[in-house]
> 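I'd like to ask some things about the structure below.
The shown structure was predicted, so the numbers you read here are calculated from the model rather than taken from an experiment. For ligands, and for the atoms within them, numbers begin at 1 and follow the listed sequence.
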Amino acid sequence: MSKIIEMELTPDARQKTFDKKDLSVETLMELYKNILKPRMIEEKMLSQLRQGKISKWFSGIGQEAISVGLTMALKDDEYVLPMHRNLGIFTTRNVPLKRLFAQFQGKESGFTNGRDRSFHFGSNEHHIVGMISHLGSQMGVADGIALAKKLSKEKAVTAVITGDGGASQGDFHESVNTAAVWNLPVMIVVENNGYGLSTPSSQQFKFESFTQKGAGYGIETLQLAGNNIIEVYSELRALAQSIRENPRPVLVECLTFRMRGHEEASGTKYVPKDLMNYWGRRDPVDNYENYLFDEGLLSTEEIHSTREAIRDEINRELKEAYAEAPIEANHEKELSNVYRNFSFSEEKPTGAISQLRFVDAIADGLNEAMKKHENLILMGQDIAEYGGVFKVTEGMLEKYGEERVRNTPLCEAAILGTALGLSIGGFKSMVEMQFADFVSEGFNQIVNNLAKVHYRWGQNADVVVRMPTGAGVQAGPFHSQSNEAWFTHVPGLKVVYPAFPEDAKGLLITAFEDPNPVMYFEHKALYRSYKSDVHEGYYNIPFGQARLCTEGSDLTVVTYGMGVHWALELNEKTDASLEIIDLRTLVPLDREAIFNSVKKTGKAMVLHEDTLFGGIGGEISALINENCFEQLDAPVRRCGSMDTPVPFAGVLEEQFLAKSKLENMVNELLNY
Ligand SMILES: Cc1ncc(C[n+]2csc(CCOP(=O)(O)OP(=O)(O)O)c2C)c(N)n1
């Protein structure tokens, strides 16, 4: 017998043996109706699929007891984060079927305006946060919602589902670990159906059961017969109550089986027949129906009438969804839904002026934001007692307390997911990357979850990710990168990159006012080397407005961050008349400022510390060519750093940086 069969045979009897304990007939019947509905919808969907009316279907047939039992065990206002086989969560939360079907058909009355498919949506009205395709990403978000509930002193559980395959992802480890360290009231439900697509458990993990994992994280575990709806419901109801009273994460393994292919086209050829038959005899719907019948709680007539009523509802709602007109493409509408609307209201600086270092201006901005927004939570590695590796958050723990200033485990992905969850729970948050380079560990959460969530289903990610960036400090390839262009390419993110302390403070304050995800770059070589006038108190600076640093007539230098300082240094040396534009924000980009200047000077140099190829300089150069061609007296030039990783040794780093060739390139362009 194969390992998978042996493993799946162990939980045996409990899958079929129902013990109704103290459950009322009413509850037993509710469980019955709730488990029957997703099964019948699926059967209908499969026939739709065969007729070519829908494109894809991920079947949960055989696993319904988990979705239904879990959802019934929770209160209606407790969040649940499903995966791709959890139709029963949506139906048990009474999501209107017409809307659900419209969602599957990409219609307007669905949940995503045709922008995302199947179960890839959330509905705060139903306290459901649906998945993105990337399997592990849900888990960090659940941590964030659970944290929001805990901080709000609400006694609530947040439940998140993962498959056994998805649990191999780093997100699983990071999120369970974070939930454990922070004692978050989150119920982590692993639907162990023995396969991840075609890969059996024996090739997915080495341990026997997910219950063995709890000890490693220092948390409790529970194993349930996932095809036994009474067991799932009763045990999870008791567990939910216990978590409400004593907030903590618990890992629940539900043993079950997927009776159909991963998605319909893929089939189940790789599943041994014996195994399929074994689980077929443990069908959660049929067995429960038989049990109720045997107990005398359900008659043949009631079975018929219940099925009839559900069938009628499905047919009626499906017809309505089909009757809805196909969605119309509207350019403006799509573009206007990428970001949550934010009407900026300017607060000009009025406070006294003092000279501040770049790092102190950022700290000042953070303090102002913390005072302004009581719901703002700071998260990052070593940011509490230690004050962060660059000491930006020094003293904030004492000022704002440990709930708002949180040291995180070394878990970038989980914490960025947590930030989105906090936003869903009504909080603002900041995530400090210890170095901008480490954002690669949380890249997926930023570019796929935070960036796309508003466009997909209207939820915003009210998150500021602080990115200590840049080279010039001889820190080598992994502590010196300029990675802003990774993010300027992703619709849904705003990208801020100040060059001066006054701007750093005002733009950071705006970043916290803005309800959208903001990548905020701060050059660490400027932290302690640059000092200038900064206003005290609260003020903000609008995004998308460049700063004109110097007026000139010979050539425009379009730049940002450290590039601004290089250009200003050159300006001191040269006799030429340079017009230096500090972009301040890359998304949104102040195109007008660029175009107006280039039209005046007739020559443009785009300068950045980032490596040349694929940097934002290429984009800006293209925009200038497209919009200012007739006023140009020379080709637009780009000055970026060498297309190599950032080297360590001082002499190599100096050669690498764009600054080393700036003067020559500017002279060439002036003489063109
Ligand atoms: C990060 C990521 N890698 C790969 C995939 C493709 N994929 C979708 S579902 C799946 C199998 C998931 O298995 P499991 O988590 O056990 O859930 P199940 O489908 O068995 O319910 C795979 C590999 C994906 N969606 N996301």
> What's the verdict on salt bridge (Lys or Arg N to Asp or Glu O under 4.0 Å) for Arg115 and Glu334, showing C-alpha distance, side-chain angles and the deciding distance?
CA-CA 9 Å; Arg115 292 174 190 151; Glu334 293 311 290; 2.9 Å; yes
> Are Asp171 and Gln445 packed together at the side-chain level, in the sense that at least one heavy-atom pair is separated by less than 4.5 angstrom?
yes
> Name all residues meeting the side chain to side chain contact (heavy atoms under 4.5 Å, CB included) criterion together with Asn483; count only those two or more places apart in sequence or in a different chain, and write none if there are none.
Ala436, Val439, Met467, Trp486, Phe487, Phe521
> Tell me, which residues have any heavy atom less than 4.0 Å from some atom of ligand 1?
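Residue list for ligand 1: His84, Arg85, Ser133, His134, Leu135, Gly163, Asp164, Gly165, Gly166, Gln169, Asn193, Tyr195, Gly196, Leu197, His262.
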> Check side-chain hydrogen bond (donor to acceptor under 3.5 Å, both in side chains) between Glu235 and all other residues, then give those that pass, not counting sequence neighbours.
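Applying side-chain hydrogen bond (donor to acceptor under 3.5 Å, both in side chains) to Glu235 gives none.
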> Side chain to side chain contact (heavy atoms under 4.5 Å, CB included) with Ser423: which residues, sequence neighbours excluded?
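Counting only residues at least two positions away or on another chain, Ser423 forms a side chain to side chain contact (heavy atoms under 4.5 Å, CB included) with Gln459, Asn460, Asp462.
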> Determine the interplanar angle of the Phe205 and Phe210 rings, folded into 0 to 90°, and report it as parallel if under 30°, tilted if 30 to 60°, perpendicular if over 60°.
perpendicular
